[in-house]
Amino acid sequence: MKSIALLALDAASARGVTYADARVVAIRNRSLSTKNGRVGHASESESLGIGVRVIADGAWGFAAAADLSRTAVEAGAARAVEIARASARVKREDVRLAAEPAAVAEWTTPYKIDPFTTSVEQNIDLLLKVDAEMSGVAGVTLSETGMNFQREESWFLSSEGADIHQTKYSTGGGYTAYAFAGSEIQKRSYPNSFGGQWQNRGYEQIEEMKLVENARRVAEESVALHRAEQCPEGAYTIILDGSQLGLQIHESIGHPIELDRVLGMEANFAGTSFLTLEKLGHLRYGSEIVNVVADARQEHGPGLGTFAYDDEGVAAQSTPIITNGRFTGYLSSRETAHAIGATRSGGTLRAEGWNRLPMIRMTNISILPGEKPLSLEQLIAATDDGIYMETNKSWSIDDKRYNFQFGCEIAWEIRRGKRVRMLKNPSYSGITTEFWNSMDAICSREEWTLWGTPNCGKGQPQQVVGTGHGASPARFRNIRVGSAYRGS
Amino acid sequence: MLTKEQAGDVFDRIRRFSSAEEVEAIFTSSRFALTRFANNTIHQNVEEENSVVSIRTNFAGRTARSTANQFDDESLRRAITASESLARVQAADPDLLPMPASDEAKAAGEGARATRFFDETAAITPAERAEVVRDMVSVAGKYKLTAAGIYSNADACEGIFNSRGLAKWHEQTLAEVSITMLGDDSSGWQKLNSPDVTKLDAAGLAETAAQKAIESARPREIAPGKYTVILEPSAALDIVGFMFWDYSGVAILDQRSFLNDRIGTQLFGENVNIWDDVAHPLQAGSPFDGEGMERQRVRLVENGVVKRVVYARATAEKMKKSEYAGKVGTIEATGHGFPLPNEAGEMPMNIVFGRPHKPESIEEMIASTERGVLVTRLWYIREVDPYEKIVTGMTRDGTFLVEKGKIQCGVRNFRFNQSLISMLSNVEAMGVPVRACGEESFDMVVPAMKVREFNFTEVTKF
C-alpha cells in the first residue's frame, strides 16, 4: 500500500505541486442487529481506496479512487492537480500550511480482543439475550439491539516525508425498548441512545458494558414512563447524566470551537460560530468549575477521537479549550493555525475514509471531572429542588451554536435531596454561554465516562465520523425546562 | 463507471463462487465532483470514483449481506464467504421470502420513463465548475457580501441482479448548486438540483440569496409565539420530510408510527394531497427498490385523509396476516423496500404534493398576511414526540416579518416546536409544487405553504 501512495506522490510532484499527500485506507466493518427476538440485519463491508490531496498554484485539489492500478493511481493524482489549478481560478490568497515535522510512525489502537476474531454466533447470541430480556417485559412493543465493529488501516505519506501507518479499531453497541400505548410512544435506551456506547477498543468494550444485566430495568422504565407525570415547564435546577452532558458538550462546545466554522468555511451547510476570534482568551464561557480539553492522545482514554496522528500527519495533542471557565482554545489544522497566531496545527484534521477530504473534526472534547469526591447520588442528595435527566432523546442547536434544545428519555423530580417521582418527556433549552455559566457542581472521576458519538456529520459532501466526549454528571441552575411541549 | 454488461459479468462470477440457494448483487457506481467555496474563495475541490457491489445470500430463510469495492476474484470470494457465514449461523426467519423473479418485479409501463442521464451534466469539468463559482462570487462582490456554497455534478448508476433472473439497471446524473450570502448581521440561502444541469441557474440563485441577505440586514427581535408563517418550498420540505419514515408497513407493525390507529381518519386539512411517484417529471432516482421491485405510484394522503402506507414484499405479506390488516387500507408490495436484511422495511422517498385548487404565489401569500413570518430555510430539525409528531428546529438564512401584506424587515431566528399533524391541518394556502431540496430531508416536489398558528417557542441571538 505504501508503494501505491508513493506512486501517487511521484505523479503529483511531477506536475509541479508545492505539496501533496496520499492516504490509502482499508476499512472493514461488521454490523449486527436484532429486533423483537430475531436478527434484524447482519452485514460486513470492506472498502479500499486512495485519496490524493495537493496544493498547486496556491490552491487545493483532491481526487479519490478505488482503483489502485498504476494507471488509475497516476491518473487520480493528475486529476487532483487539475482540480487544484481550477481552484486557483477563484482564490484570494495562497494556502499556507503551518510547519510540521515529517513523522515516520506505526500505531495501532490498544485492544484486548480483536472484535473480528469473535464469532458471529457469539455476537448474535448476546444480542438475542438482551432482546429476550426486553421483550419479556409486559408493555414493551418493540425491542431493538445492535453491535458494530470497525477496523480502519491507513497509510499516510506526504511530499514532506511523512510516512505513517495507523490501525484504528472502534467497537460499539446498545439497545432500545419502546412502549406504545394510548397516544404515546415512550422509549429507553442503554448505555446510550442512537447507537449505544462506542469507544476505540476491541470486543472488551462489548463485554464490559453489562448489556444483559441492564436490559430488564431499561425495558421496565420504558413502560413505567406511561404512568409518569409530564415534565413541568419553568425555570429549574437540573442535573444531567454523563451521556447527555457529553452531547451537550458536543453541540455547544465541540462544534463552535472548530476553527473552520469560525472562519466561515462551513457557512453554507453546518454554519458558523459565535466564537469569533477576538473572544479567544477573553470570553467567560462557563463558570469557574468548567474545564474542557480537546485531547486526542491515548492517555486521555480510548475515545472515538483518539489517534496517534491526524489525517495530515500531525501528532495527537491536548489543547485546553475552557480553563476555569475562560475560553482558551480552538480546534485547528495546518491551514487554519495561522488565523489564531499559532505556529503549529492542533492536530484535528480527519476524514471519513479514503474518498473524503480531511477536515477539522472534534477529537475527544471532554469536561474534566470535579476534583472533590462527588458521586451522582451525593449530588442529588445535595440538591433541594430540581430535575435529574438521563439519556438523550432529541437535540437541536442553531447555526451559530447559541440557542439549543435537548430532550431526554427520562427524568426524576428531586425534592429535599431525594428522587421523588419519575417524569416523562423532559426537555431543557438555553443559550450556550448562559448555560455553561450556570454550572455549579460536577461529579468526580469515579462518575466520568468517555462517551462516543459515532454519527457526527459535517462538510459537503457530508462526512460522518466518531467523536469522544468525557463527562460526569453535573448540575445547572435556573434552566428553562419543558418548552419543547409548550403550545405544540 | 460500471456498465450493465460489466456488472453482469461480475454477477456471473459471484454466482459461480457462491454456494447459497439464492444470491443477489446490488451495484452502485459513480463519479462525483464538488467544488466548495467560502469567503469568496474555492477552498475545497474534490472528485471521487467508486464502484461497490453488495452481495446478499439466502439459505432457507436465512439471509445476510456483504459489501466490497474491489472486484477481483479474491475480494469477491471474501465478500461471498462473509455473507454466507453471516447467514448460515442465524435461525430461519419465517417471514423471509424467496428473491423476486423478473416477472414479479415488473410493473406496467416499465421502460416508458424519460431519461435521467444528461451528458451535459456528466461532462462538467473542474474548470467549468470554477467558472460557475466565479459567477456566483461576482454577485457577492457586486453587493459587498461574502459567498459560501457548492457546485457539484455526478454521474451514477445502480443495478440489481439476482439468481432468479432479475436484472435491472438505472443511470442518472445530478448537478447541484447551493449558496449562502453573508452580510454583517444577515444571510440569505438558496439551493437547487436537477439531473439536467441546464435547468440550474446558478447566478440567479446567487442573486436571490444576495437579496435575502440584504433585505434581512439589521434584524429585529420579535417575541416568540404563534404566527402565521409562509414556508418557502425548501423549508416546507425539510419539516414535512420528518413524517415519511412513518408511512411504512413495518413502522405500523412495530407500533412506532404516528399513523398507528390513524389511517383512514381526517388527520390533515382537506387541501393536503400527497403521492409517492418516482416517475413524476420533477422527481429523480431509481425506478426500482432494494429487491428490484418497480416503485409504484402510491396515493398516501387524499384530501387530508391518510389512505395507505408503502410496503416491501415481505412487509405486505406480514401485514395481511396481522391484526392491522383491516385498518390500513390497501396492502400490497409497492416497490419501496430497502435492501434486505434491514429493520426499517420501506419508505416513500419520491414525495409529490398535490397541486392545490387555487395555487398562490409567495407574493400573493405575503399580500394576504396581516402579520406573519416568511421563512427561507429550516435547520437542525429533530423529532421531539414520535406520536404527536412534534419536531423542533431553527429558522435560518432569511427570516422576515410580514405585516400588512408586505415584508417589513428581517427578524432574529426562531426555535420552533411544532406538531406536523397540526401544521398540515392549518395550511391556508399553497403554491404550485416545485422540485425542491433542503438539508434535513430528501428532495421532493412540494409547494410553498402558508400555515397559521405555527409555534415559535424561543428566539436566538441573531
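A note on names: the letters A, B, ... follow the listed sequences, proteins ahead of strands, and every chain is numbered from 1.
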K.L.:
Which one, Lys400(A), Glu266(A), Arg486(A), Arg480(A), leads in non-hydrogen pairs under 4.5 Å with chain B?
P.N.:
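Looking at each of Lys400(A), Glu266(A), Arg486(A), Arg480(A) in turn, Lys400(A) comes out on top.
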
K.L.:
Looking at Arg89(A) and Val133(B), would you say the former's side chain and the latter's main chain have a donor-acceptor pair under 3.5 Å?
P.N.:
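It does not hold such a pair.
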
K.L.:
For chain A, which of Val137(B), Thr63(B), Leu253(B), Asn342(B) has the most heavy-atom pairs under 4.5 Å?
P.N.:
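Greatest number of close heavy-atom pairs with chain A: Asn342(B).
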
K.L.:
Let me know if Ile124(A) has heavy atoms under 4.5 Å from chain B in its side chain, its backbone, both or neither.
P.N.:
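Contact with chain B: side chain only.
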
K.L.:
Select one option (side chain, backbone, both, neither) describing which atoms of Phe454(B) are under 4.5 Å from chain A's heavy atoms.
P.N.:
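For Phe454(B), there is no contact with chain A at all, as no heavy atom is under 4.5 Å.
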
K.L.:
Supply the atom-to-atom distance Ile83(A) CD1 to Asn45(B) CG, rounded to the nearest 0.5 angstrom.
P.N.:
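The CD1 atom of Ile83(A) sits 5.5 Å away from the CG atom of Asn45(B).
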
K.L.:
May I ask you to name which of Ile397(A), Val120(A), Leu357(A), Leu32(A) has the most heavy-atom pairs under 4.5 Å with chain B?
P.N.:
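Heavy-atom pairs under 4.5 Å are most numerous for Ile397(A).
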
K.L.:
Examine whether an atom of Ser83(B) lies under 4.5 Å from a heavy atom of chain A, and if so say whether it belongs to the side chain, the backbone or both; otherwise answer neither.
P.N.:
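Neither; nothing under 4.5 Å.
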
K.L.:
What's the shortest heavy-atom distance between Asp398(A) and Arg415(B), and which atoms?
P.N.:
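That would be N-NH2, 4.4 Å.
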
K.L.:
What distance do Ile185(A) atom CD1 and Ser257(B) atom OG have between them, rounded to the nearest 0.5 Å?
P.N.:
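Answer rounded to 0.5 Å: 7.0 Å.
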
K.L.:
Under 4.5 Å heavy-atom distance to chain A, tell me which part of Arg31(B) shows up: side chain, backbone, both or neither.
P.N.:
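For Arg31(B), the contact with chain A is made by the side chain alone.
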
K.L.:
Examine whether an atom of Asn455(B) lies under 4.5 Å from a heavy atom of chain A, and if so say whether it belongs to the side chain, the backbone or both; otherwise answer neither.
P.N.:
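Asn455(B) touches chain A through side-chain heavy atoms alone.
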
K.L.:
Heavy-atom pairs under 4.5 Å with chain A: which of Glu128(B), Arg129(B), Lys226(B), Gln418(B) has the most?
P.N.:
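Counting heavy-atom pairs under 4.5 Å, the top option is Lys226(B).
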
K.L.:
Where on Lys91(A) is there a heavy atom nearer than 4.5 Å to chain B: the side chain, the backbone, both, or neither?
P.N.:
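Backbone plus side chain of Lys91(A), per the 4.5 Å heavy-atom cut-off to chain B.
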
K.L.:
To the nearest 0.5 Å, what is the distance between CG (Asn403(A)) and CZ (Arg412(B))?
P.N.:
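Result: 12.0 Å between the selected atoms.
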
K.L.:
Heavy-atom distance under 4.5 Å to chain A: side chain of Leu34(B), backbone, both or neither?
P.N.:
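Just the side chain, heavy atoms under 4.5 Å.
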
K.L.:
Looking at side-chain heavy atoms only, is the closest gap between Phe180(A) and Asp261(B) below 4.5 Å?
P.N.:
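Yes, at least one pair of side-chain atoms sits under 4.5 Å.
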
K.L.:
Output the option from Arg85(A), Lys393(A), Glu251(A), Gln462(A) having the highest count of non-hydrogen pairs under 4.5 Å with chain B.
P.N.:
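Of the candidates given, the most pairs with chain B belong to Glu251(A).
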
K.L.:
Is Arg356(A) in contact with chain B via its backbone, its side chain, both, or neither, using a 4.5 Å heavy-atom distance?
P.N.:
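The side chain, not the backbone.
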
K.L.:
Tell me if a side-chain donor or acceptor on Gln405(A) pairs with a main-chain N or O of Thr392(B) at a distance below 3.5 Å.
P.N.:
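Not at all, since once roles are kept as given, no pair shorter than 3.5 Å links the two residues.
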
K.L.:
Could you give the distance from CD (Gln186(A)) to CG (Asp385(B)), rounded to the nearest 0.5 Å?
P.N.:
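The CD atom of Gln186(A) sits 7.5 Å away from the CG atom of Asp385(B).
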
K.L.:
Please classify the contact between Val459(B) and chain A as side chain, backbone, both or neither, with a heavy-atom cut-off of under 4.5 Å.
P.N.:
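Answer is backbone: N, CA, C or O of Val459(B) sit under 4.5 Å from chain A.
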
K.L.:
Show the numbers, then the answer: is there a side-chain hydrogen bond (donor to acceptor under 3.5 Å, both in side chains) between Glu458(B) and Ser483(A)?
P.N.:
CA-CA 8 Å; Glu458(B) 294 183 0; Ser483(A) 58; 3.2 Å; yes

K.L.:
If the threshold is 4.0 Å, N to carboxylate O, is there a salt bridge linking Arg256(B) and Glu144(A)?
P.N.:
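A salt bridge is absent here (no side-chain N lies under 4.0 Å from a carboxylate O).
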
K.L.:
Looking at Arg396(B), His43(B), Glu453(B), which one has more heavy-atom pairs under 4.5 Å with chain A than the rest?
P.N.:
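Between Arg396(B), His43(B), Glu453(B), the count favours Arg396(B).
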
K.L.:
Do you know which of Ile55(B), Asn413(B), Asn40(B), Ile179(B) has the most heavy-atom pairs under 4.5 Å to chain A?
P.N.:
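Max contact count across the listed options: Ile179(B).
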
K.L.:
Atom CG of residue position Asp184(B) - does it have more than 12 heavy atoms of other residues, nucleotides or ligands inside 6.0 Å?
P.N.:
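Count not over threshold, so no.
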
K.L.:
Compare all side-chain heavy atoms of Glu388(B) with those of Ser183(A) and state whether any distance is below 4.5 angstrom.
P.N.:
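Yes, side chains in contact.
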
K.L.:
Using heavy-atom distances under 4.5 Å, tell me whether Val53(B) contacts chain A through its side chain, its backbone, both, or neither.
P.N.:
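Neither part.
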
K.L.:
At a heavy-atom separation under 4.5 Å, does Thr35(B) approach chain A through its side chain, its backbone, both, or neither?
P.N.:
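Contact with chain A involves no heavy atom of Thr35(B) at all.
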
K.L.:
What part of Tyr485(A) is in contact with chain B, defined as an atom under 4.5 angstrom from a non-hydrogen atom: side chain, backbone, both or neither?
P.N.:
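Answer is side chain: those atoms of Tyr485(A) sit under 4.5 Å from chain B.
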
K.L.:
Rounded to the nearest 0.5 Å, what separation is found between the CG atom of Asn268(A) and the CE atom of Met181(B)?
P.N.:
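Asn268(A) CG to Met181(B) CE: 10.5 Å, rounded to 0.5 Å.
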
K.L.:
Quick check against the 3.5 Å criterion: does Asn50(B) have a side-chain atom that pairs as donor or acceptor with the backbone of Ala66(A)?
P.N.:
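Judged by distance alone, no pair lies under 3.5 Å.
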
K.L.:
Count the heavy-atom pairs under 4.5 Å between each of Ser422(B), Ser178(B), Ala82(B), Ala64(B) and chain A, then report the option with the highest count.
P.N.:
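Most pairs with chain A among the choices: Ser178(B).
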
K.L.:
Heavy-atom pairs under 4.5 Å with chain B - which of Ser429(A), Gly61(A), Ala59(A) has more of them than the others?
P.N.:
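Max contact count across the listed options: Ser429(A).
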
K.L.:
When the ring planes of Tyr402(A) and Phe462(B) are compared, do they come out parallel, tilted or perpendicular, using 30° and 60° as the limits?
P.N.:
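Ring orientation, 0 to 90° scale: tilted.
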
K.L.:
Among the options Ala130(B), Ala38(B), Pro126(B), pick out the one with the most heavy-atom pairs lying under 4.5 Å from chain A.
P.N.:
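When all of Ala130(B), Ala38(B), Pro126(B) are compared, Pro126(B) has the most.
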
K.L.:
Between Ser31(A), Gly459(A), Ala88(A), who has the most heavy-atom pairs with chain B when the cutoff is under 4.5 Å?
P.N.:
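Among the listed options, the one with the most contacts to chain B is Gly459(A).
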
K.L.:
Going through the checks in order, is the salt bridge (charged side-chain N to carboxylate O under 4.0 Å, His left out) test met by Glu434(A) and Lys461(B)?
P.N.:
CA-CA 12 Å; Glu434(A) 294 170 9; Lys461(B) 299 282 189 186; 3.6 Å; yes

K.L.:
At a heavy-atom separation under 4.5 Å, does Arg62(B) approach chain A through its side chain, its backbone, both, or neither?
P.N.:
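Neither part.
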
K.L.:
Would you mind checking which part of Arg53(A) comes under 4.5 Å of any heavy atom in chain B, side chain (CB onward), backbone (N, CA, C, O), both or neither?
P.N.:
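Looking at Arg53(A), nothing touches chain B.
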
K.L.:
Heavy-atom distance under 4.5 Å to chain B: side chain of Asn36(A), backbone, both or neither?
P.N.:
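Only the side chain of Asn36(A) comes within 4.5 Å of chain B.
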
K.L.:
Please evaluate residues Gln255(B) and Tyr178(A) with respect to the criterion side chain to side chain contact (heavy atoms under 4.5 Å, CB included), reporting the C-alpha separation (whole Å), side-chain torsions for both, the decisive distance (0.1 Å), and the verdict.
P.N.:
CA-CA 9 Å; Gln255(B) 301 181 76; Tyr178(A) 296 79; over 6 Å; no

K.L.:
Relative to chain A, which segment of Arg36(B) carries a heavy atom at a distance below 4.5 Å: side chain, backbone, both, or neither?
P.N.:
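Side chain of Arg36(B) only, per the 4.5 Å heavy-atom cut-off to chain A.
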
K.L.:
Please report the shortest heavy-atom distance between Ser394(A) and Val384(B), naming the atom on each side.
P.N.:
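In this case the closest contact between Ser394(A) and Val384(B) is OG-CG2, 4.1 Å.
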
K.L.:
Rounded at 0.5 Å granularity, tell me how far CD in Gln90(B) sits from OG1 in Thr34(A).
P.N.:
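OG1 of Thr34(A) is found 11.0 Å from CD of Gln90(B).
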
K.L.:
Only pairs of heavy atoms separated by less than 4.5 Å count here; which of Ala84(A), Ala63(A), Ala72(A), Gly407(A) has the most with chain B?
P.N.:
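Top count of heavy-atom pairs under 4.5 Å with chain B: Ala63(A).
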
K.L.:
For the residue pair Tyr380(B) and Trp395(A), categorise the inter-ring angle as parallel (less than 30°), tilted (30 to 60°) or perpendicular (more than 60°).
P.N.:
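Plane angle over 60°, so perpendicular.
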
